[in-house]
2 protein chains.
Amino acid sequence: MTVTGSKGRRERLRAETTAEIKKVALALMASGGPDAITLRAIAREMGMTANAIYGYFATRDDLVTTLIKDVYTALADAVDAAWEAAPATDPAIRITAWATAFRTWAVVNAQGFRLIYGDPVPGYHAPEGGPAPDAARRVCTGLTALAAAAWPHTQHLYEHSAFGWSDFDPALLDKVRPAFPDLPPAAVALALRIWGHLHGLVSLEVYGHMHTQTTSPEKLFEEELAQLVQMLGVPRRS
Amino acid sequence: MTVTGSKGRRERLRAETTAEIKKVALALMASGGPDAITLRAIAREMGMTANAIYGYFATRDDLVTTLIKDVYTALADAVDAAWEAAPATDPAIRITAWATAFRTWAVVNAQGFRLIYGDPVPGYHAPEGGPAPDAARRVCTGLTALAAAAWPHTQHLYEHSAFGWSDFDPALLDKVRPAFPDLPPAAVALALRIWGHLHGLVSLEVYGHMHTQTTSPEKLFEEELAQLVQMLGVPRRS
DNA sequence: CAATTTACTTCACAGCGTATAGTTTCTTCA
DNA sequence: TGAAGAAACTATACGCTGTGAAGTAAATTG
């Protein structure tokens, strides 16, 4: 045991270098997009050679995968925090807060959004099960919380839903069902559909496709939220 | 005038080579994704050197831009055709047909969808106004037709809409307003929102994010359509 | 203090887009 | 018909990328 930590000096330096690599990579991404994440550029920035990075990440794709996981986790943290900060007694406000946090994060961290949801980087292929299934499922669980909050008011619309538990990934259900024991499959389907709605508007905006059509994507998103709350039938201003 | 065409042999060969470059590029894309579109690979496939392509396209980005335009036009053709083929008297069927054609095209031409809506290719930057604004606006116009068909049944939901004509791109309005003179701004906003809904679900599916959560994205999309028609309030089975 | 592990550099190779210069082939006009 | 000119294409080269193999210097360990 030392004052600087329990592990030896070597491991501490190693952890610091690893952190710096990621930090520099994210900075490059922020300024030049995911494409700008190159080993040589990172090394240049750090005053090293590109091959030195191989001591910390087995391959460039490994680094990118780690970055995706980190960035995705940051997104999940942001929306979770917004959800928790809103009053649990008012589903409409909570849902609006979650979705607004989602879009705000995406607009502020546009390159991070592209890293997570687009083709991250030339030639990158995600490892089995996606790069950040945990973070993705955290987001989905958050969405299910959203659907769960609205479910008492909206379930009457889905009495003829064709969904069963077998339609969903077991790993997702492992997280979702214990958290919301009374929720039927139709509610999870609703959560995924809401995800689609929000993701679509935001990704069109982030990738610049909305900008060609409308000058106020934010207003569009706000109307979307108003409609969402209305469609879900949750009471407003409770 | 010759039997093979009005332009000289030279121009005909030139057009054929141009077409072959695009064909090979699309084939490479279909098998290896947008990243596989490299001048050297195309040239290899054609038995030429990479530099020969510079006689037909000033730069690789020029080629990619042309491909985006072509592919986007194919998408616009597909959804337009589905719309026209459905009975004009039944908005519900027409809307469903349009959206189904959209998803089907995207799933079948997944790499084309990524080319259009993702970061197409390493380092690619779209020229001013986007690469295929025409095709994009054709799709938006199609969406507006969708909203227009539903408008009589759904306008009561948007009486307090905050949208004005200034919220939209003039080039879009030039196409949309003459075609649907009685439509208010709120209907165009609705069209863009529907675009977002469909685009989100489809792009999550195409990029493999849905697959981590549900085994039946198609069922999800079908429920989305059913809900869309219901939300719009258009009569079913008229 | 010697042996080993770790961190890093150097060199190399293949792939990419693309600029420049040179070559071959076709078209056109006197 | 033959010379001039344009068009199509190749060859070479440069800088960028990821990454493998080999070598070096410093820190850690016995």
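None of the values given here were measured: they were computed from a predicted structure.
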Original post:
What pairs of residues pass the salt bridge (charged side-chain N to carboxylate O under 4.0 Å, His left out) test when at least one of them lies in residues 216-225 of chain B, not counting sequence neighbours?
Top reply: A:D167-B:K219, A:R193-B:E223, A:R193-B:E224
**OP:** Rounded off to whole Å, could you give me the CG-to-P distance for the A:D62 and D:dG20 pair?
**Re:** 11 Å
Subject >> Letter per nucleotide, 5' to 3', of nucleotides 5-15 of chain D [B base touched, S only sugar-phosphate touched, - untouched; heavy atoms, 4.0 Å] >> reply: --BSSBBBB--
Original post:
Is there a side-chain polar atom (N or O) of A:R44 under 4.0 Å from OP1 or OP2 of D:dT17?
Top reply: yes
Original post:
Between the two ends of the helix from C:dC1-D:dG30 to C:dA30-D:dT1, what is the bend in degrees, rounded to 10 degrees, where each end axis spans five pairs?
Top reply: 10°
Original post:
Once you round it to whole Å, what is the distance between P of D:dT28 and CD of A:E11?
Top reply: 12 Å
**OP:** For A:I53 and D:dG20, give me the distance from atom CD1 to atom P, rounded to whole Å.
**Re:** 14 Å
**OP:** Check the distance between D:dT19's C1' and A:F57's CZ and give it to me in whole angstrom.
**Re:** 16 Å
Subject >> salt bridge (charged side-chain N to carboxylate O under 4.0 Å, His left out): pairs with one or both residues in residues 20-34 of chain A, sequence neighbours excluded >> reply: A:K22-A:D70
Subject >> Residues which pass side-chain contact (heavy atoms from CB on, under 4.5 Å) with B:A86, listed by chain and number, not counting sequence neighbours >> reply: B:I93, B:R94, B:A97
Subject >> Which residues share a ring pair (Phe, Tyr, Trp, His ring centres under 6.0 Å) with B:F113, sequence neighbours left out >> reply: B:Y117, B:H199
Original post:
Among pairs that include at least one residue of residues 41-63 of chain A, which meet ring pair (Phe, Tyr, Trp, His ring centres under 6.0 Å), considering only residues two or more places apart or in two chains?
Top reply: none
Identify each donor-acceptor pair in which a side-chain atom of residues 40-52 of chain A lies under 3.5 Å from a protein atom, sequence neighbours left out, and give them as a table.
none

Original post:
Using a cut-off of less than 4.0 Å, is there contact between a side-chain N or O of B:R60 and OP1 or OP2 of C:dA19?
Top reply: no
Original post:
Whole Å only: how far is the OH atom of A:Y54 from the P atom of C:dT9?
Top reply: 14 Å
Original post:
Does B:T59 put a side-chain nitrogen or oxygen below 4.0 Å from OP1 or OP2 of C:dT18?
Top reply: yes
Subject >> Spatial distance of atom CH2 (A:W195) from atom CG (B:L201) [nearest 0.5 Å] >> reply: 10.0 Å
Original post:
For the pair made of CG in B:D35 and P in D:dG18, what is the distance, rounded to whole Å?
Top reply: 14 Å
**OP:** Hey, could you give me each pair passing salt bridge (charged side-chain N to carboxylate O under 4.0 Å, His left out) that has a residue in residues 194-213 of chain B? Not counting sequence neighbours.
**Re:** B:R103-B:E205
**OP:** Provide, to the nearest angstrom, the distance between the CG atom belonging to A:L39 and the P atom belonging to C:dC8.
**Re:** 14 Å
**OP:** May I have the distance from B:L13 (atom CG) to C:dT25 (atom P), rounded to whole angstrom?
**Re:** 15 Å
**OP:** Please round to the nearest 0.5 Å and tell me the distance separating atom CG of A:L146 and atom CG of A:L198.
**Re:** 8.0 Å
